[in-house]
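Index from 1, following the sequence.
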Amino acid sequence: MLDVLGDHPEAVEADLAHHYPEYGPGGPLAAYFRGEITLRWLRVMVEGLPPDGATARAQNGHAWQPIDYSAADSRDLLALLFTAFVNANRDPRASAMPYPEPGWRPGDPLPEDREAQTEHNRAQARAAYAHITAQVLPAKG
């Protein structure tokens, strides 16, 4: 039974109750326990849940759909094309406009996490430099 519900049983239950209200209180899961539907039919319903439901969000860790990724790619491409156009038509004596960073997508670190990681890397580099110079340079004393 738990194999049918997967790793996120609460999300599956919420989706089943939302998409199959005709089964009454508790949805298809309660109907299964009342003996009104078979385990096979419950599995078919779970496997047929839509890709934008609570189950998909729980599995993916975000609510982005392919159209959201496509929109983000289009926005990034438009920003690149705009920058290239401005740079191609700028005054030759003016400095070029810097190219924009790609927009955030699920799975990318948040800006504050990226800053903390950068500072951590700098601290490690300073410590490594101090360690190497302590071994190579003569001790002062």
Min side-chain heavy-atom separation Pro106-Asn60 under 4.5 Å = no

If every non-hydrogen atom of Arg90 is compared with every non-hydrogen atom of Ser95, which pair is closest and at what distance?
-> CD-O, 3.8 Å

Any donor-acceptor N/O pair, Asp113 side chain to Pro109 backbone, under 3.5 Å | no

Neighbour count above 12 (heavy atom, 6.0 Å) for Glu47 CD | yes

Do the non-hydrogen side-chain atoms of Thr55 and His8 ever get within less than 4.5 Å of each other?
-> no

Is Val46 reachable from Val44 through a run of hydrophobic residues whose side-chain heavy atoms are each under 4.5 Å from the next?
-> yes

Among the clusters formed by ILVMFWY side chains lying less than 4.5 Å apart, do Leu78 and Met97 turn up in the same one?
-> no

May I ask you to decide if Arg114's main-chain N or O and Thr118's side chain share a donor-acceptor pair within less than 3.5 Å?
-> yes

Taking the side chain as C-beta and beyond, is there a heavy-atom pair between Tyr23 and Leu29 under 4.5 Å?
-> no

In terms of hydrophobic clusters joined by side-chain contacts under 4.5 Å, are Leu39 and Met45 together?
-> yes

Crowded around His18 NE2? As in, over 12 foreign heavy atoms under 6.0 Å?
-> no

Judged by atom type as modelled, is there a donor-acceptor pair below 3.5 Å linking the side chain of Gln124 to the main-chain atoms of Glu119?
-> no

Which heavy atom in Ala54 sits nearest to a heavy atom in Ala11, and how many Å separate them?
-> O-CB, 3.6 Å

In this structure, CG of Leu42 is separated from OH of Tyr32 (nearest 0.5 Å) by 7.5 Å

Is there a side-chain contact between Glu13 and Leu5, using heavy atoms and a 4.5 Å cut-off?
-> no

Counting only heavy atoms not in Trp41, do more than 12 sit closer than 6.0 Å to its CH2 atom?
-> no

Any side-chain heavy atom of Arg105 sitting closer than 4.5 Å to one from Asp76?
-> yes

Does Ile67 CD1 have over 12 foreign heavy atoms under 6.0 Å away?
-> no

Once you round to the nearest 0.5 Å, how far does NE2 of His62 lie from CD of Gln65?
-> 9.0 Å

Is it the case that more than 12 heavy atoms not belonging to Tyr69 sit under 6.0 Å from its OH atom?
-> yes

What is the minimum heavy-atom distance between Thr83 and Pro100, and which atoms define it?
-> OG1-CD, 3.3 Å

Taking Asp15 for the side chain and Leu49 for the main chain, is one N or O donor matched with an acceptor at less than 3.5 Å?
-> no

Is there a donor-acceptor contact under 3.5 Å linking the side chains of Asn121 and Gln117?
-> yes

May I have the step-by-step check of salt bridge (charged side-chain N to carboxylate O under 4.0 Å, His left out) for Arg75 and Glu101, ending in yes or no?
-> CA-CA 11 Å; Arg75 189 209 64 83; Glu101 293 289 322; over 6 Å; no

